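The figures that follow rest on heavy atoms only: side chains count, while hydrogens, waters and symmetry mates do not. The structure presented is a predicted model; accordingly, all values stated were derived computationally and were not measured. A, B, ... follow the sequence lines: proteins, then strands. Residue 1 opens every chain.
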Amino acid sequence: MAAVMQHASAYLERFSSSQAGRDWEPKWLRERRELAMERFLRMGVPTPRDEEYKYTDLRSLSDGRFLLSPDEPGGHARPAHLAGQRIAAACGDSLAVAGPAPPGIRLMSLSEALVRGEPWLEDRLASVASFERHALCALNTALFEDGIVIVAEAGADSTEPLHLEFGPGRVARLARVLVIAERSSRVTVVETYSGLGEYWRNAVTEIHVSENARVDHVRAQLESPRSFHTGVVQAAQERDSRMSSFSLSFGARVARNDIGTRLDGTGCDCSLDGLYAVRGHQLVDHHTGIDHAMPHCHSHQLYKGVLDGNARGVFNGKIFVRRDAQKTDAVQSNKNLLLSDSAEVNTKPQLEIDANDVRCTHGATIGQLDADAAFYLRSRGIGEAEARKLLTYAFATDALDRVGVASLRERFEALLLDRFAPEAA
Amino acid sequence: MLRISNLHASVDGKRILRGIDLDVEAGTVHAVMGPNGSGKSTLAAVLAGRDGYSVDAGSVTFRGQDLLDMDPEIRAREGLFLAFQYPVEIPGVSMMYFLREAVNSIRRYRGLAELAAGDFIRLARQKIQPLGIDPGMLKRAVNEGFSGGEKKRCEVFQMSVLEPCLGILDETDSGLDIDALKVVSEGVNGLRGPDRAFVVITHYQRLLRYIVPDYVHVLANGRIARSGDRTLALDLERHGYRWIEERSTALAAAGT
């Protein structure tokens, strides 16, 4: 393998030692990993010269030390339990899957599924989340040590959220999740990410939504303020399927999320929504991608951001409408609230439409707190800090309403209010 | 209760108030009338502490304290209430949450225990009923999508919940039909008492048939051009604002 990138040695070393210990893995996966490693070394860690990373500087990640280094010592402050049943946790060098699974849902670690030789894995793993053109997805594919697999069997209907918790440690740094919703099933998955100190987590989630199935996916990024978080969520949807994604991004020094779905059948519905709230010198970047490949599909996106201090936000929303995707209905909206004069947002819709009978709308706003509204609240006795908090909450509330799980929405509301509480501001 | 002395105020360098003197005793209702541009709403805004108005001279004391030195929320907690001419819509904040937060901010300031959710709902229901407002409004976002009349009623509803000692009504009657005007007036009259005072700012004499003032002041060119009892309002109705304005222009010319 010809290494073309600088600083390749640490990655190569980890890759070789890992591959050596993985002789039990099926040949197809070992080959896929080889290919992924090759792709990663060719592309390298993205730099701002890459248009897709114009505002998000990941250069300090290039030598891999934040990804491959051991954790900083100290107790890990786990986030308060968010919602639903905690079914899996990755912490340290291991991954624990705890039962019992709800009826019709199968849970297992990826290594367990591989050892069992589950026949469907080859088609599903590292297939939707393409590593061909995505360096960080390639890196995860080459190096992930274990992961979590959720299979909703045909007809299973589970609304109780399944909670996957990713903390510190080797396994969780390269978190890998595979969700398969079989025909006419329904499953809700919540992923949380949190850690301690300075580190880089590079996570990948793949979601297969079969015909007439529904997946609700929530991702809560509550990483340490000194960390780097890069994550990919990629779904593929068959006909008449529904998928929702909610990305909450409050943590990390630099966070980059790539969230996308491919609508491969007619009559699909998807919503990609999110809320980011950052302050200090944090940067949060969301790149979404919806690929309308087939007719009569509907997509909805609402991303809202609250930025304080010197924080920066990036939103890039791609919508592809292929030639056959007539009667596509796509709505995209990104709204930002700047609480300080030095916060900054770069927002860009990117629509590529090759069909002629479609409805696509997009809009982006960047604004400040409404001074008239603040005065109105204060004129009733509500303090300035409280008024600001109330208006910030009010700004975010329609995004939070997109979180289907009520208990989770309440937790997120509380996290948001804490974040912009007077003492924290 | 409220003492305004020689108050001068400007907006963006433009002088609007040019020496207002007004004493409001507890238990009284003062009507402040005047043509458009006479400074009525500026007076209300300065008293409530809105940004963008600079006080160039004069003083205002409220219950013995310097009002102009207080933040808007402190004025409210001390017992001042402004019913807005144009109440602000606040999407995403429910009327219930907003008003309970207001009540409890004021109670905390006064060293009283906060009202629990259940107690607050009982209080709100009790106060909303006489104003003919659908209690479902409490669940809606503050003023969002309310009609003009609903907004004005809602201002009076808020006032009746917060029980201020000084209520300033900034053209609360404008744009109301007679039925709504009666309801709003009854709401205000119900709050009248020996410990409470009102400054009712209005463009139209009609309101004063329902809220009968103890004193009437006519504002023109940023000054109180005339003061009297309620018969002054009737004179105005007959002669229009013109005769007051002409007088005050002459006065201003002579004074400067």
In this structure, SG of A:C270 is separated from CZ of A:R242 (nearest 0.5 Å) by 12.5 Å
Rounded to the nearest 0.5 Å, how far does CD of B:Q129 lie from CG of B:L131?
-> 9.0 Å
Could you tell me whether A:K304 sits above the aromatic face of A:F395, with NZ or CZ closer than 6.0 angstrom to the six-membered ring centre and within 45 degrees of the axis?
-> yes
Which of residues 153-163 of chain B get closer than 4.5 angstrom to chain A, counting heavy atoms alone?
-> B:E155, B:Q158, B:L162
Pairwise distance CG(B:L181) to NZ(B:K152) - rounded to 0.5 angstrom | 10.5 Å
Among residues 84-101 of chain B, which residues come closer than 4.5 Å to chain A, judged by heavy atom distances?
-> B:F84, B:P87, B:V88, B:I90, B:P91, B:G92, B:V93, B:Y97, B:F98, B:E101
How are the rings of A:F246 and A:F412 set relative to one another: parallel (under 30°), tilted (30 to 60°) or perpendicular (over 60°)?
-> parallel
Any side-chain heavy-atom pair from A:D285 and A:Y55 closer than 4.5 angstrom?
-> no
With a 4.5 angstrom heavy-atom cut-off, could you sort out which part of A:L377 is near chain B: side chain, backbone, both or neither?
-> both
Any side-chain heavy-atom pair of B:E150 and B:M137 under 4.5 Å | no
Bottom line for B:R75: the part with an atom under 4.5 Å from chain A's heavy atoms is neither
Knowing that exactly one of A:R419, A:Q282, A:R388 qualifies, which makes a side chain to side chain donor-acceptor pair (under 3.5 Å) with A:D308?
-> A:R388
A:E191, A:H217, A:H286 screened by side chain to side chain donor-acceptor pair (under 3.5 Å) with A:S247, the one that passes | A:H286
Donor-acceptor under 3.5 Å (B:N189 side chain, B:S185 main chain) | yes
Any sub-3.5 Å donor-acceptor pair from B:R63's side-chain atoms to B:E78's backbone N or O?
-> yes
Could you tell me which portion of B:N104 (side chain, backbone, both or neither) has an atom closer than 4.5 angstrom to a non-hydrogen atom of chain A?
-> neither
If one checks every heavy atom of B:V142 against chain A at 4.5 Å, the contacting part turns out to be side chain
Per-residue contacts, residues 341-349 of chain A versus chain B, heavy atoms under 4.5 Å | none
Donor on one side chain, acceptor on other, A:H229 and A:R253, under 3.5 Å = no
Would you confirm whether A:R219, through its side chain, and A:G274, through its main-chain N or O, come within 3.5 Å as a donor-acceptor pair?
-> no
For A:S379 and A:Y376, indicate whether the former's side chain and the latter's backbone hold a donor-acceptor pair under 3.5 Å.
-> yes
Among residues 65-74 of chain B, residues within the sub-4.5 Å heavy-atom range of chain A, in order of number, are B:D71, B:P72, B:E73
Once you round to the nearest 0.5 Å, how far does CG of B:L47 lie from CZ of B:F81?
-> 14.0 Å
Look at the side chain of B:E25 and the backbone N and O of B:M1, then say whether any donor-acceptor pair between them is shorter than 3.5 Å.
-> no
A:D372 portion near chain B, given a 4.5 angstrom heavy-atom threshold | both
Is B:R107 positioned over the aromatic face of B:Y109, cation under 6.0 angstrom from the ring centre and no more than 45 degrees off axis?
-> no
May I ask you to decide if B:G13's main-chain N or O and B:S10's side chain share a donor-acceptor pair within less than 3.5 Å?
-> no
Closest approach of B:A44 and B:L82, non-hydrogen atoms and distance?
-> CB-CD1, 3.8 Å
